[in-house]
Amino acid sequence: MDQRYNDLNSYLRAIYGCRVQKITIDAGLNCPNRDGSISYGGCIYCNPRGSGTGAYARGMSVTEQLMAGKAKLSKRYKAKKFIAYFQSFSNTYAPLDKLKSLYEEALAVDGVVGLSIGTRPDCVTPEVLSLLQGYADHYLVWIEYGLQTASNKTLAAINRGHDVQCFVDTVQTTQGRGIRICAHVILGLPDETRADMLRTAQLIAKLRIDGVKLHLLYIVKGTRLEALYRQGSYICLKQPEYVDLVCDFLERIPPQMVIQRLTGDPHPHELVAPRWALEKAQTLTQIRETLSSRDSWQGKFFNTVE
Ligand code: SF4
């Protein structure tokens with residue numbers, strides 16, 4: 001068995017018959033958990049750059065970012081079609097007309113076949129969902145909601161500024177509109193046990209989410225998590241622990257859920273720990289090998305979870 005999980009590339013190739021790549025967009029938007037609407041500090045692990053490319057700060061428009069991404073990715077992967085991925089901060093957190101203009105600028109670029117909008121579950125309105133629903137008739141439209149964990153205790157500890165019910169309600173409001181939903185989940189959050197993390201898998205399985213991105217919690221310079229780490233209050237996962245947790249997680253979610261990511265991409269100059277987080281290819285290989293040695297696959301224990 002070669003394919004032990006339903007990866008994004010295979011999913012996109014099955015729809016379009018060619019290599020499709022996501023191009024990251026930094027649209028210069030903000031986040032209510034950083035601008036004072038909810039808090040100023042943000043989530044304790046939040047990179048002040050918003051996981052962004054800094055392209056907006058360098059004055060690049062959405063079109064310019066997409067053109068640059070297309071040039072690079074068509075050369076590297078022979079990609080022929082592209083998804084505009086609005087990644088930095090909360091990409092539904094702006095007036096509707098501004099969002100419409102940003103999204104439609106992206107969709108007007110030749111070769112762009114869809115949108116992927118990263119945001120918080122407390123940051124979408126019915127009007128934004130109706131806007132995206134309108135695009136979904138002609139384009140592939142994903143919305144990516146940060147859940148991170150199904151534990152309210154942990155959400156409070158990491159200063160997320162929303163609870164689990166907010167995520168559940170937003171998912172249910174989004175479903176039935178032709179918009180695909182991806183949940184972001186972090187493994188290794190402070191004081192979380194394996195059972196906590198597998199409860200998160202159970203929640204997204206039960207909600208019939210369309211896709212998931214799994215992230216390792218790593219420590220970025222200048223964050224509150226860095227302070228916790230330096231005072232010994234937070235210990236990072238080790239690579240074998242993370243690999244085992246990812247496999248446990250995959251086994252408990254539906255086989256058709258699209259796996260959009262299995263670990264993150266820390267910037268080497270911003271990363272404090274763990275250093276193994278930079279070994280992405282090795283981590284992915286170990287995940288595949290572990291699934292193979294367990295004779296396991298995505299969804300093996302779906303419906304039979306403890
Ligand atoms: S929701 Fe995202 S951008 Fe906002 S504070 Fe948390 S990590 Fe940062």
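Numbering of ligands and ligand atoms starts at 1, following listing order. Since we're looking at a predicted model, the values are computed, not measured. If you read the sequence from its start, that first residue is 1, and numbering goes on from there.
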Query raised in the report: Does Arg177 come within less than 4.0 Å of Asp137, counting only side-chain N to carboxylate O?
Result: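 So Arg177 does not pair with Asp137 through a salt bridge.
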Query - NZ/NE/NH1/NH2 to OD/OE distance under 4.0 Å, Arg194 and Glu241 - result: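 No, this pair does not count.
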Give the atom numbers and elements of ligand 1 that come within less than 4.0 Å of a heavy atom of [X].
{"X": "Arg160", "value": "1 (S), 6 (Fe)"}
{"X": "Arg34", "value": "5 (S)"}
{"X": "Cys31", "value": "1 (S), 3 (S), 4 (Fe), 5 (S)"}
{"X": "Gly42", "value": "5 (S)"}
{"X": "Arg120", "value": "1 (S)"}
{"X": "Asn33", "value": "5 (S)"}

Query raised in the report: Is any N, O or S atom of Cys43 under 2.8 Å away from atom 6 (Fe) of ligand 1?
Result: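 Within the cut-off used here (under 2.8 Å), Cys43 does place an N, O or S atom near atom 6 (Fe) of ligand 1.
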Contacts under 3.5 angstrom, residues 66-74 side chains, donor-acceptor by atom type, not counting sequence neighbours:
from	atom 1	to	atom 2	distance (Å)
Lys70	NZ	Asp110	O	2.6
Ser74	OG	Lys70	O	2.2

Please confirm whether the backbone N or O of [Y] pairs with a side-chain atom of [X], one donor and one acceptor, at under 3.5 Å?
{"X": "Asn91", "Y": "Phe86", "value": "yes"}
{"X": "Thr263", "Y": "Lys280", "value": "no"}
{"X": "Arg4", "Y": "Ser296", "value": "yes"}

